[in-house]
Amino acid sequence: DGGITQSPKYLFRKEGQNVTLSCEQNLNHDAMYWYRQDPGQGLRLIYYSQIVNDFQKGDIAEGYSVSREKKESFPLTVTSAQKNPTAFYLCASSIAPFAGNTEAFFGQGTRLTVV
Amino acid sequence: DQQVKQNSPSLSVQEGRISILNCDYTNSMFDYFLWYKKYPAEGPTFLISISSIKDKNEDGRFTVFLNKSAKHLSLHIVPSQPGDSAVYFCAASDAQAGTALIFGKGTTLSVSS
């Protein structure tokens, strides 16, 4: 089955630790995205990548880093510099960077909690 | 500054009636608009989209209307069903420039039977 997979579903991190969230897609999509959802805040864009080995900062990139070494994978690292990392993280992909009538497909999300 | 605004945090509707969810945007470069439905602890699922060259798009019970001059779009669900109860997000992008989707804060729809 084609789709976008995020792992793990739940993740706990101690303060001061870096943690990496996985996102893999087998849809052959060029573009991939990371969003963060907080209560009452909607989905806010962290980083996005339109092509392998290239990515751009979104609205709230501080304290996060990404890589795009393979078309299928777009891992997100939440660093210790991120002040409020507890949130629901969503990864998405699309055929092209929203050119024409293409929608983004989302994974099931990762709930990160700092303990 | 929010580029996509959903000013109603919640909406309650009776089963069988029409649900109307509204969305406003400020960026005149946006040319592609989408609605997503989301349940708690799950990823959003795509519902319906509209490009700026149209003013209406229909898919079954769901219709999206776009008023470019007012920078306003709305999602109509007719008839509403209890299974439609979820959070609905409006999203927009500048598809010509290939920008990422910008989302509103969402509207929680509750459909009672």
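Lettering of chains follows the sequences in order, A, B, ..., and the numbering in each one begins at 1.
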Could you check whether any side-chain N or O of A/Tyr35 sits under 3.5 Å from a backbone N or O of B/Ile102, counting only pairs where one atom can act as donor and the other as acceptor?
no
[X] atom [atom1]: more than 12 heavy-atom contacts under 6.0 Å:
{"X": "A/Lys57", "atom1": "NZ", "answer": "no"}
{"X": "B/Gln81", "atom1": "CD", "answer": "yes"}
{"X": "A/Ile51", "atom1": "CD1", "answer": "no"}
{"X": "B/Arg17", "atom1": "CZ", "answer": "no"}

Side chain, backbone, both or neither of A/Leu43 within contact of chain B (heavy atoms, under 4.5 Å):
both
Whatever's closer than 4.5 Å to a heavy atom in chain B on A/Gln6 counts as neither
Return the CZ to CG distance between B/Phe103 and A/Asp59, rounded to the nearest 0.5 Å.
12.0 Å
So which residue, B/Gly106, B/Ala41, B/Ala91, ends up with the most heavy-atom pairs under 4.5 Å with chain A?
B/Ala41
Can you tell which of B/Lys38, B/Gln2, B/Gln6 has the highest number of heavy-atom pairs within less than 4.5 Å of chain A?
B/Lys38
Should [X] and [Y] be counted in the same cluster of Ile, Leu, Val, Met, Phe, Trp and Tyr side chains packed under 4.5 Å apart?
{"X": "B/Ile77", "Y": "B/Leu11", "value": "yes"}
{"X": "B/Ile20", "Y": "B/Trp35", "value": "no"}
{"X": "B/Leu34", "Y": "B/Phe65", "value": "no"}
{"X": "A/Ile60", "Y": "A/Leu21", "value": "yes"}
{"X": "B/Phe62", "Y": "B/Leu73", "value": "yes"}

For a side chain to side chain contact (heavy atoms under 4.5 Å, CB included) check, start with the C-alpha distance between B/Glu42 and A/Phe88, then their side-chain angles and the critical distance, and finish with the verdict.
CA-CA 9 Å; B/Glu42 293 185 8; A/Phe88 190 54; 5.9 Å; no
Are there residues of residues 106-115 of chain A that reach to under 4.5 Å of chain B by heavy atoms, and which ones?
A/Phe106, A/Gly107, A/Gln108
Using the test salt bridge (Lys or Arg N to Asp or Glu O under 4.0 Å), find all partners of B/Asp24 that sit at least two apart in sequence or belong to another chain.
none
Nearest non-hydrogen partners of A/Gly42 and B/Phe89, listed with the distance
CA-CE2, 3.6 Å
Determine, stepwise, if the pair A/Glu103 / B/Leu47 fulfils side chain to side chain contact (heavy atoms under 4.5 Å, CB included).
CA-CA 10 Å; A/Glu103 70 268 19; B/Leu47 267 179; over 6 Å; no
Criterion side chain to side chain contact (heavy atoms under 4.5 Å, CB included) on B/Thr45 and A/Phe105, from CA distance to verdict
CA-CA 7 Å; B/Thr45 55; A/Phe105 293 85; over 6 Å; no
